[in-house]
Amino acid sequence: MRLLLDTQIALWAITDSPRLSADARSMITDSRNDLYFSAATVWEISIKHGLARGNMPVSGREASELFSEAGYLELPISSVHAAATEELPDHHADPFDRILVAQAISEPLRLLTHDKLLTRYGDMVEFV
């Protein structure tokens with residue numbers, strides 16, 4: 001399965017956080033799954049880390065390196081992804097989450113998230 005990790009799940013995975021659910025941990029450690037992180041995730045981490053907002057345990061540069069070291073594949077943001085955001089219903093206003101959903105739909109990938117609201121976008125979003 002091809003899995004796109006949302007920002008929180010990706011951070012919890014690379015920091016081995018106890019907040020990462022057993023289901024998410026199992027999916028992430030299953031060698032049959034291909035794991036992706038979005039350029040949007042690194043962008044979000046960079047912004048919040050730079051502003052000292054939220055719980056950003058690493059900088060964007062560190063996160064990118066840790067994701068790569070963990071074997072995650074980088075998913076750039078394309079114009080197709082950006083354009084797909086305008087077709088999304090207004091279930092969620094966060095632009096980072098909206099681009100992740102658009103990427104999951106466009107590629108296709110299964111988006112792993114801990115944001116229950118994102119499940120309103122459909123079956124390609126999995127709450128873990």
Q: Can you see which heavy atom on V58 is nearest to which on A63, and at what distance?
A: CG2-CB, 3.8 Å
Q. Could you walk me through whether H91 and V101 pass the side-chain contact (heavy atoms from CB on, under 4.5 Å) check?
A. CA-CA 11 Å; H91 298 316; V101 169; over 6 Å; no
Q | Residue among I105, L118, L112 satisfying side chain to side chain contact (heavy atoms under 4.5 Å, CB included) with V125 | A | L118
Q: Can you sort out the partners of E62 under side chain to side chain donor-acceptor pair (under 3.5 Å), two or more places apart, ordered by chain and number?
A: S59
Q. Which residue pairs pass the salt bridge (charged side-chain N to carboxylate O under 4.0 Å, His left out) test when at least one of the two sits in residues 31-42, sequence neighbours left out?
A. D30-R32
Q) Is there a side-chain contact between M27 and L3 (heavy atoms, below 4.5 Å)? A) yes
Q.
Please list all pairs meeting salt bridge (charged side-chain N to carboxylate O under 4.0 Å, His left out) that have one or both residues in residues 1-10, counting only residues at least two apart or in different chains.
A. none
(Q) Taking L35's backbone N and O only, do any of them form a donor-acceptor pair with N33's side chain (distance below 3.5 Å, no angle check)? (A) no
Q. Same cluster or not: are L88 and L100 linked, directly or through other Ile, Leu, Val, Met, Phe, Trp or Tyr residues, by side-chain heavy atoms under 4.5 angstrom apart?
A. yes
Q | Sequence neighbours excluded - ring-ring contact (aromatic ring centres under 6.0 Å, His included) pairs with any residue from residues 9-35 | A | W12-H114
Q. What heavy-atom pair brings S38 and L4 nearest, and what distance separates the two atoms?
A. N-CD1, 3.9 Å
Q. D16: what forms a side chain to side chain donor-acceptor pair (under 3.5 Å) with it, not counting sequence neighbours?
A. R25
Q: Sort and list the pairs that fulfil side-chain hydrogen bond (donor to acceptor under 3.5 Å, both in side chains) and have at least one residue in residues 93-102, not counting sequence neighbours.
A: H92-D97, R98-Y121
Q | All side chain to side chain contact (heavy atoms under 4.5 Å, CB included) counterparts of S21, not counting sequence neighbours | A | D23, A24, V128
Q. Quick one: does V42's side chain get under 4.5 Å of F37's, heavy atoms only?
A. yes
Q: Among residues two or more places apart or on two chains, list those pairs meeting salt bridge (charged side-chain N to carboxylate O under 4.0 Å, His left out) that have a residue in residues 116-128.
A: R110-E126
Q | For the student: nearest non-hydrogen atoms of I9 and L5, plus distance | A | CG2-CD2, 4.1 Å
Expected list for residues 66-85: side-chain donor-acceptor pairs under 3.5 angstrom, two or more places apart:
unit_1, atom_1, unit_2, atom_2, d
S68, OG, S64, O, 3.2
S78, OG, V80, N, 3.3
S78, OG, H81, N, 3.2
S78, OG, H81, ND1, 3.2
H81, ND1, P76, O, 3.4
H81, ND1, S78, N, 3.0
H81, NE2, E107, OE2, 2.5
T85, OG1, A82, O, 2.6

Q. Looking only at heavy atoms, what is the nearest atom pair of L109 and Q103, with distance?
A. CD1-O, 4.5 Å
Q.
As an exercise, state the distance from OH of Y36 to CG of L111, rounded to the nearest 0.5 Å.
A. 14.0 Å
**Q.** Residues which pass side chain to side chain donor-acceptor pair (under 3.5 Å) with T7, listed by chain and number, not counting sequence neighbours
**A.** T41, E44
